[in-house]
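Take a look at the structure below.
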Amino acid sequence: MLVKQISVFVENKFGRLAEIISILGNNNIDISALSIADTTDFGILRLIVNDPNLAEKVLKDNGLAVKSTEVIAVAVEDKPGGLARVLNILKDANISIEYMYAFIGKSESGALVIIRVDQPNEAINVLKNSGIEIIKASDVYRL
Amino acid sequence: MIWNTEAETMSRKDIKALQLAKLRETVSRVYHCVPFYRKRFDEAGIIPDDIKTLEDLQKIPFTVKDDLRDNYPYGLFGVPMKDIVRIHASSGTTGKPTVVGYTKNDIEMWSECVARLITMAGGTAEDIAQISFGYGLFTGAFGLHYGMEKVGAAVIPMSAGNTEKQLMIMQDFKPTILISTPSYALYMSEVAQELGIKKEALSLRIGMFGAEGHTEEMRKELEKRWGIVATENYGLSEVTGPGVAGECTYHTGMHINEDYFIVEIIDPETGEVLPDGETGEVVITPIQKEGIPLLRYRTKDISRIDTEKCECGRTTARLHKIQGRTDDMLIIKGVNVFPSQVESVLLGMEQISPQYQLVVSKKGFTDDLEVKVELQDIELLENFSELEALRKKIHHKLQTVLGLDAKVSLVGPKSIERTSGKAKRVLDLRNL
């Protein structure tokens with residue numbers, strides 16, 4: 001159920017982001033979600049792609065600091081209160097969210113959100129038990 | 001083990017007497033054979049006979065690098081060219097290189113000096129030494145080469161560069177001693193790590209590092225990475241090359257070969273000689289050198305001298321680890337900063353690599369110091385706040401040590417330039 005996410009260290013240097021994204025493009029890697037957290041000095045780029053293993057390899061080969069992590073892809077009802085419902089379920093189960101970001105597109109099941117939590121397996125269980133749809137990794141990579 | 005017990009364990013009184021006798025010979029020879037020095041003596045109103053005690057050395061004017069440049073290439077040589085058997089030159093990063101010449105005796109003396117340093121580092125005839133200093137005009141490789149041969153060790157004259165081949169030879173030829181600059185040894189260990197070469201699979205037991213200063217923290221890092229005992233040695237081409245001084249395994253400073261060199265510490269501003277133990281610029285007078293016998297050569301290196309007897313049994317005075325150079329001291333916002341201070345803060349922090357760079361620039365009329373450090377621990381990518389906390393921690397430590405607000409930039413792994421020779425740790429953009 002867990003989706004592999006790629007985190008890349010990005011120096012705050014002109015053209016750096018373009019360079020990293022181009023490496024993925026040149027290797028035919030498709031990006032389906034991304035987020036970037038930054039300060040004035042550096043950033044961390046987080047990516048969901050169709051081939052995370054290849055992405056990790058090509059980025060590393062290009063000398064970048066890369067780490068893969070497991071995250072959860074959740075389908076959220078695309079209406080007011082939809083995301084709040086999911087977050088409340090996790091809160092009630094005492095599961096902390098480290099960060100989250102939205103997908104660029106949508107699936108038939110609704111809006112998609114990537115969530116990184118401290119207890120991934122517990123999170124999947126409580127969400128499923130509450131009728132929230134978790135998107136399978138293989139489906140996520142196809143998006 | 002001590003290579004030359006007589007020379008290295010002489011009483012302080014005998015060392016002084018020997019130094020005075022050799023100094024007087026040198027001064028007289030230089031006065032009669034080198035027109036440059038005769039003119040200097042005449043201008044200062046002194047003659048060789050005025051040098052009656054070691055303190056009288058202070059009457060002689062200093063020699064500086066520009067004197068070598070002004071007399072380029074052979075003007076300061078002390079013997080006719082027929083007696084010169086070797087010519088070396090300094091790297092000459094600014095302008096013409098400085099040229100030095102050696103007679104047969106000089107080469108013999110050089111080998112003797114380095115043989116002593118190898119022995120004090122623990123090297124013996126059983127050892128195999130991989131010399132990863134560049135062979136060429138630079139004196140480092142040849143000095144260690146002769147010393148190793150004199151000790152009877154087997155020499156692998158690798159020269160610097162081609163790191164993967166260095167590592168192949170290291171695995172196949174099983175050298176037990178590594179000779180290089182500390183920064184190149186560090187880089188080679190990074191490449192070894194990438195290639196999955198474990199230190200346990202190598203036979204190295206000793207590292208002898210020189211040609212650039214390094215901190216105690218760097219020495220420990222190299223010992224850990226290679227599984228060796230690392231010692232530092234000191235010298236410069238103008239007075240011979242490596243062999244002036246070197247550490248024994250007690251790491252109490254570098255034993256000076258005092259029967260060949262008189263080392264003084266001066267106040268770089270006033271030129272006054274400072275008492276033992278005080279920190280200042282290192283000034284060296286070789287007292288048995290024939291090819292190019294310089295008097296009171298100002299090295300620009302900063303250190304101090306310790307004459308307490310060392311536990312190793314040697315009685316020679318010791319030169320403390322070089323703290324920097326008068327010309328690599330940066331003055332930033334009026335504060336004196338040595339790259340070695342930054343190194344001592346950064347080394348030993350596990351989340352970053354031991355590579356770093358200082359970039360000094362001007363913002364308006366104010367100096368700006370940026371310290372670039374490489375992120376090494378990719379686990380931190382998971383947690384943005386930890387990454388930010390690391391940057392703040394480095395910033396705070398630098399502020400404590402330097403008394404200066406430096407900007408800390410985390411950069412990607414391997415993004416700071418590596419070299420096979422002397423590292424370029426400082427980029428000063430202020431005068432461009």
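Here is the naming used below: chain letters follow the sequence lines, and residue numbers restart at 1 for every chain.
- Side-chain atoms of A:Gln5 and A:Glu70 form no donor-acceptor pair, as typed in the model, at a separation below 3.5 Å.
- Scanning residues 357-367 of chain B against chain A with a 4.5 Å non-hydrogen threshold yields no residues.
- Only the side chain of B:Ser415 comes within contact range of chain A, with heavy atoms under 4.5 Å apart.
- Side-chain polar atoms of B:Ser132 and B:Gln166 form a donor-acceptor pair below 3.5 angstrom.
- Between A:Ile6 and A:Pro52 the shortest heavy-atom distance is CD1-O, 3.4 Å.
- Counting only N and O atoms by type, the side chains of A:Lys57 and A:Asn27 include no donor and acceptor under 3.5 Å apart.
- Below 4.5 Å, heavy atoms of chain A meet heavy atoms from B:Leu375, B:Ile378, B:Glu379, all part of residues 368-379 of chain B.
- At a threshold of 4.0 Å, the pair B:Glu194-B:Lys414 counts as salt-bridged, since one of the basic side-chain nitrogens sits closer than that to a carboxylate oxygen.
- Of the two parts of A:Val66, only the backbone, made up of N, CA, C and O, holds a non-hydrogen atom closer than 4.5 Å to a non-hydrogen atom of chain B.
- Of the residues listed (A:Val58, A:Val10, A:Val8, A:Leu45), the one engaging A:Leu64 in a side chain to side chain contact (heavy atoms under 4.5 Å, CB included) is A:Val8, and it is the only one.
- A:Arg46 touches chain B through its side chain: at least one heavy atom from C-beta onward sits under 4.5 Å away, while N, CA, C and O do not.
- Ion pairing between B:Lys220 and B:Glu217 fails under the 4.0 Å rule for side-chain N and carboxylate O.
- For B:Phe133 and B:Phe209, the ring centers sit 6.0 Å or farther from each other.
- Ion pairing of B:Glu382 with A:Arg116 is present here, as a side-chain N (NZ or NE/NH1/NH2) and a carboxylate O approach within less than 4.0 Å.
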For B:Val411 and A:Phe42: C-alpha separation, side-chain torsions, deciding distance, then whether side chain to side chain contact (heavy atoms under 4.5 Å, CB included) applies.
CA-CA 8 Å; B:Val411 300; A:Phe42 61 86; over 6 Å; no

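- Dense packing is recorded around NZ of B:Lys199, with more than 12 heavy atoms of other residues, nucleotides or ligands lying under 6.0 Å away.
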